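Not measured: the values here are computed from a predicted model. Numbering of ligands and ligand atoms starts at 1, following listing order. These values consider heavy atoms only, across backbone and side chains, with no hydrogens, waters or symmetry-generated copies. Nothing fancy with the numbering, it's 1 onward along the sequence.
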Amino acid sequence: MKGIVFTELSEMIEEQFGDDMMDTIIEASQLPSGGSYTAVGTYDHTEILQLVTALSAETNLAVPKLVFSFGEHLYKYFYSHYPAFFNESTNAYDFLASVENHIHVEVRKLYPDAELPSFDCRRIDPDQFEMIYRSSRPFEDVAEGLITASCRHYHESILIQRENIQDENGPGVRFLLTKQ
Ligand code: HEM
């Protein structure tokens, strides 16, 4: 996974839990990389989970809740660095559909080794939109944080329901979005 994901996790932890927390959880985690991340490096995605598990032990906050917050934090990073992607869409559903068919396609061109999920998107009716997340990594809470923050970005009030599914394409997580 790209170093940027790790440097942003570190940023979020400093912001929310203070300067020393990152050092504390790095020490507790015994990471293969040693925990010194640079934005241009590439690291094993399981280190994210090790760090968040250690953070959960320190803070008593549940791992999924922390991973969700990390998704919300990543939104801020993406919006401040790549505002054009957001400005190309005028509403949340068009933007979310563009993640699979445009944004991550561009990311892949820039970083051929990027580890990206896939999203099967479907407009059910004007109010409902479905996204099926599939990845070999268990980052559906990151996805939910990013989806939630994206809906907020367009000032739309959208209910997000989520269920694990299993179909002919294998396991996935289905997000059903409904305008309120
Ligand atoms: C401007 C907007 C966005 C940009 C530039 C972007 C780019 C990226 C990059 C660089 C990564 C890391 C790849 C790696 O480390 O190898 C990533 C991962 C990911 N992105 Fe996006 N992304 C954007 C928006 C979104 C949105 C809105 C969603 C949710 C619908 C999303 C879902 C994910 C997830 C869940 C991952 C983690 C990898 C996985 O689950 O397998 N991204 N994205």
Side-chain angles (χ1 to χ4, degrees), residues 1-12 31-33 35 37-52 63-123 128-156 158-165 169-178:
M1 186 132 281
K2 294 279 139 207
I4 183 64
V5 178
F6 290 83
T7 51
E8 281 309 304
L9 178 68
S10 161
E11 187 90 349
M12 179 193 91
L31 304 157
S33 74
Y37 302 112
T38 66
V40 293
T42 300
Y43 309 92
D44 189 331
H45 76 272
T46 57
E47 292 197 12
I48 295 273
L49 299 168
Q50 278 180 272
L51 287 165
V52 175
V63 169
K65 194 171 163 7
L66 290 166
V67 178
F68 173 91
S69 300
F70 180 48
E72 289 184 302
H73 175 90
L74 271 184
Y75 154 78
K76 283 191 264 169
Y77 173 83
F78 288 148
Y79 181 54
S80 64
H81 286 76
Y82 309 98
F85 284 130
F86 291 85
N87 297 335
E88 282 166 14
S89 298
T90 56
N91 61 77
Y93 292 170
D94 284 352
F95 171 74
L96 291 169
S98 78
V99 173
E100 175 71 14
N101 57 33
H102 176 43
I103 300 175
H104 280 176
V105 176
E106 294 303 315
V107 172
R108 166 84 61 223
K109 284 185 201 161
L110 282 172
Y111 308 106
D113 62 341
E115 296 181 309
L116 296 164
S118 78
F119 288 100
D120 286 334
C121 298
R122 188 166 68 96
R123 191 71 82 107
Q128 283 203 310
F129 182 69
E130 174 188 81
M131 296 181 88
I132 297 175
Y133 166 90
R134 286 196 173 86
S135 172
S136 50
R137 295 158 294 282
F139 286 153
E140 55 270 24
D141 294 310
V142 175
E144 191 171 347
L146 277 159
I147 294 169
T148 303
S150 301
C151 293
R152 215 181 283 139
H153 173 88
Y154 293 96
H155 307 291
E156 292 181 47
I158 292 172
L159 172 72
I160 301 168
Q161 290 164 296
R162 164 177 157 176
E163 63 172 336
N164 293 333
I165 59 158
N169 297 314
V173 179
R174 175 179 188 254
F175 293 98
L176 177 64
L177 282 65
T178 309

Closest non-hydrogen protein atom to atom 40 (O) of ligand 1, residue and atom name please, with distance?
-> Y133 OH, 2.6 Å

re atom 16 (O) of ligand 1, the protein heavy-atom contact at minimum distance is E115 N, 2.6 Å

Where at least one partner belongs to residues 85-102, residue pairs that pass salt bridge (charged side-chain N to carboxylate O under 4.0 Å, His left out), sequence neighbours excluded | D94-R123

Numbering as shown, the atoms of ligand 1 that approach F85 to under 4.0 Å (heavy-atom distance) | 1 (C)

Against heavy atoms of F139, which atoms of ligand 1 measure under 4.0 Å?
-> 35 (C), 40 (O)

SG of C151 to CG of N91, rounded to nearest 0.5 Å, is 10.0 Å

Hey, would you say the F85 and F78 ring centroids sit under 6.0 Å apart?
-> no

So do the side chains of Y43 and T38 get within less than 4.5 Å of each other, counting heavy atoms only?
-> yes

Ligand 1-proximal atoms of Y75, by part, heavy-atom distance under 4.0 Å | neither

Taking only residues two or more places apart in sequence or in another chain, which ones pass side chain to side chain donor-acceptor pair (under 3.5 Å) with E144?
-> R162

Does the N or O separation between S150 and ligand 1 drop below 3.5 Å for any pair?
-> no

To the nearest 0.1 Å, how far is atom 41 (O) of ligand 1 from its closest protein heavy atom, and which atom is that?
-> S135 OG, 2.6 Å

Neighbouring protein N, O or S atoms of atom 21 (Fe) of ligand 1, below 2.8 Å | 1

Hey, is Y79 touching ligand 1 through its side chain, its backbone, both or neither, going by heavy atoms under 4.0 Å?
-> neither

For F86 and ligand 1, answer yes if some heavy atom of the residue is under 4.0 Å from a ligand atom, otherwise no.
-> yes

Indicate the atoms forming the closest heavy-atom contact of F6 with H45, along with that distance.
-> CZ-CA, 4.4 Å

State the atoms of ligand 1, each with its element, that fall below the 4.0 Å cut-off from a heavy-atom position in I147.
-> 30 (C)

F139 ring center within less than 6.0 Å of F70 ring center | no

Side chains of Y79 and H153: donor-acceptor distance under 3.5 Å anywhere?
-> no

In plain terms, say whether K2 and D113 are close enough for a salt bridge, that is, a side-chain N and a carboxylate O under 4.0 Å apart.
-> yes

Would you check, one step at a time, whether the test side chain to side chain contact (heavy atoms under 4.5 Å, CB included) holds for L51 with Y37?
-> CA-CA 12 Å; L51 287 165; Y37 302 112; 3.6 Å; yes

Y82: numbered ligand 1 atoms lying under 4.0 Å from its heavy atoms | 5 (C)

Distance filter under 4.0 Å to V5 heavy atoms, resulting ligand 1 atoms | 12 (C), 15 (O)

Side chain to side chain contact (heavy atoms under 4.5 Å, CB included) against R174, all qualifying residues, sequence neighbours excluded | I124, E130, I132, E163, I165, L176

Specify side chain, backbone, both or neither for M131, according to which of its non-hydrogen atoms lie closer than 4.0 Å to ligand 1.
-> side chain

Verify the distance criterion only: is there a donor paired with an acceptor across the side chains of H73 and E11 at less than 3.5 Å?
-> no

Decide yes or no for I158 and Y93: does some side-chain heavy atom of the first lie under 4.5 Å from some side-chain heavy atom of the second?
-> yes

Looking only at N/O atoms, are K2 and ligand 1 under 3.5 Å apart anywhere?
-> yes

